[in-house]
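For reference, the structure is listed below as structure tokens.
Indexing begins at 1, ligand by ligand and atom by atom, following the structure's order.
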Amino acid sequence: MTDKNLPEPPEHLSSDDFRKHGHALIDWIADYWERVEELPVVSHVAPGAIRNHLPPNAPETGEPFENLIKDLDSVVMPGITHWQHPSWFSFFPANASPPSVLAELVSAGLGVQGMLWSTSPAATEIESHVLDWLVELLDLPASWKTTEQGGGVLQMSASDSTHTALVVARHQAAKLGISPDSMVAYASTQTHSSIQKGATVAGYGHITLIDVDEEQAMRSQDLRAAIDRDRANGLNPVFVAATVGTTGTTGVDPIRSIGEICRNEDLWLHIDAAYAGNAMLCPEFRHHQDGVELADSYTFNPHKWLMVNFDCSVFYVADRGPLIDCLSILPPYLKNEASESGAVIDYRDWHVPLGRRFRALKLWWVIRSYGAEGLRSMIRYHVALAEQLASRLESDPRFDLVAPHPFALVCFRCTEGDEATTRLIEAVNASGEVAWTGSELDGHPMIRVSIGQRATEQRHVDALWALIDELA
Ligand SMILES: *Cc1c(COP(=O)(O)O)cnc(C)c1O
């Protein structure tokens with residue numbers, strides 16, 4: 001029996017059309033990856049230029065899908081900066097890769113929402129399992145596995161991971177009667193802005209920045225002294241963020257001595273290894289995080305240097321008890337038998353959002369498709385290319401390296417002075433052939449060259465060197 005008052009069911013793209021356009025778009029992405037090298041790396045459109053192509057109002061009726069695809073080339077592409085360009089040497093990499101993109105597509109097609117174990121057990125269990133794999137692959141403490149006391153969870157960004165750690169540490173301290181106004185979080189002057197932002201959002205009354213040495217590493221003696229000074233002033237030290245691979249220069253804080261201070265003083269130690277954590281796949285880099293077992297939490301971004309497209313940030317805690325204690329709130333509509341049995345993980349209790357997508361699929365597929373060896377050889381290749389560029393710069397009297405290069409970031413400036421460095425930054429940027437980052441260290445300009453894009457080969461770094469040589 002049909003109810004005549006009921007409206008018609010909504011129309012959708014037909015299954016045949018979905019296949020047709022889907023296949024065409026996979027071709028479009030493959031073509032893009034093949035031709036990206038010929039495109040100018042950085043978009044130079046004027047502000048508002050893209051928006052000017054868009055009609056002032058949303059369409060009332062649906063358009064043929066072909067129009068949408070056509071606008072990719074005419075409207076979208078001029079406003080794209082090509083992070084997938086092999087001459088991408090800016091910031092840090094943000095790689096996409098075939099297995100990652102295909103997994104992302106499947107995740108979208110399934111459209112699952114993994115807030116609870118019961119809302120898609122596969123989303124939760126694959127995530128827990130793959131993050132346990134990574135504990136072994138990165139040689140992190142075995143107790144951080146979900147099968148033990150700790151556990152890993154995927155977040156959107158390292159900023160979210162760090163913010164979560166700050167919130168949990170604050171909660172623990174507040175339970176002891178400490179007022180957030182008097183709480184202090186510590187980090188080095190070279191720390192990423194997300195730590196200061198996270199501490200502000202989490203309501204810490206104070207953040208104390210500790211000086212670095214000439215290798216850009218936090219001076220742990222100064223941390224010690226700052227803690228004593230703050231205590232003497234009636235404040236309550238709570239949280240220390242140590243960085244393995246700072247954003248500016250990939251400086252490495254001394255994890256063990258910082259960790260020992262945190263143990264003695266009963267402070268939460270969080271390690272931000274957003275970029276460099278990926279290198280820990282290779283044993284030869286692990287000495288940089290000696291003492292990692294002293295950490296309470298740890299974050300790194302597979303979406304930077306592990307072939308997993310944005311977003312995918314890993315957050316580990318050494319003990320999941322305080323995390324869940326802080327973030328679990330159970331409204332009646334989320335109650336279910338599996339959760340009450342205590343036998344499952346409900347990831348909604350492991351971060352700020354309730355809803356969560358099936359991000360683990362792309363991480364799982366990337367690790368399986370490349371294998372740990374494939375990923376290690378990618379890291380080693382980039383590090384070797386960086387080493388080669390660094391030795392060219394080092395042996396040329398026109399340039400000075402400004403910091404050690406333990407991973408695949410090389411920072412340098414012109415010996416002639418600030419003006420020459422600034423001129424070189426601008427001349428290379430104006431060439432349009434590469435992207436790199438002009439930055440500052442100790443109040444003087446410097447140049448960051450980050451090598452780590454998936455398609456970058458020796459010839460691209462050679463071309464960059466030729467450009468530096470010509471324009472310096
Ligand atoms: C990139 C970076 C971050 C921020 O990562 P998001 O995932 O963008 O929040 C934090 N810390 C360090 C050391 C980084 O290099």
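Ranked by closest heavy atom to atom 13 (C) of ligand 1, the top entry among Ile271, Thr299, Thr247 is Thr247.
Each of the following atoms of ligand 1 lies closer than 4.0 Å to a heavy atom of Gly245: 13 (C). Every atom of ligand 1 is numbered from 1 in the order shown, and the set under 4.0 Å from a heavy atom of His303 is 7 (O). Close approach of ligand 1 to Phe92 (heavy-atom distance below 4.0 Å) involves ligand atoms 15 (O). Which parts of ligand 1 touch His192 is read off a 4.0 Å heavy-atom cut-off, strictly below it: atoms 2 (C), 3 (C), 4 (C), 10 (C), 11 (N), 12 (C), 14 (C). Close approach to Asn301 involves these atoms of ligand 1, each under 4.0 Å from a residue heavy atom: 5 (O), 6 (P), 7 (O).
The closest protein non-hydrogen atom to atom 14 (C) of ligand 1 is Lys304 NZ, 2.9 Å. The closest protein non-hydrogen atom to atom 11 (N) of ligand 1 is Asp272 OD2, 2.6 Å. The protein heavy-atom contact nearest to atom 9 (O) of ligand 1 is Ser159 OG, 2.5 Å. Of the protein's non-hydrogen atoms, the one nearest atom 8 (O) of ligand 1 is Ser157 CB, 4.3 Å.
Aromatic pair His163/Phe315: ring centres not closer than 6.0 Å. Taking the six-membered ring for Trp and the full ring otherwise, Phe310 and Trp83 have centroids separated by 6.0 Å or more.
Ring geometry, Phe300 versus Tyr316: the interplanar angle falls under 30°, so the pair is classed parallel (tilted spans 30 to 60°). By the 30° and 60° cut-offs, the orientation of the rings of His288 relative to Phe285 is parallel.
Residues Met378 and Trp305 have side chains in contact (heavy-atom distance under 4.5 Å, counting atoms from C-beta outward).
Residue pairs meeting the salt bridge (charged side-chain N to carboxylate O under 4.0 Å, His left out) criterion with at least one partner in residues 450-468, sequence neighbours excluded, are Glu37-Arg459, Arg392-Asp462, Glu457-Arg459.
For the side chain to side chain contact (heavy atoms under 4.5 Å, CB included) with Phe412, the qualifying choice from Leu389, Leu424, Asp396 is Leu424, the only one to do so. Partner of Tyr186 under the side-chain hydrogen bond (donor to acceptor under 3.5 Å, both in side chains) criterion, chosen from Asp222, Thr191, Asp230: Asp230.
Every N/O-N/O distance between Ser194 and ligand 1 stays at or above 3.5 Å.
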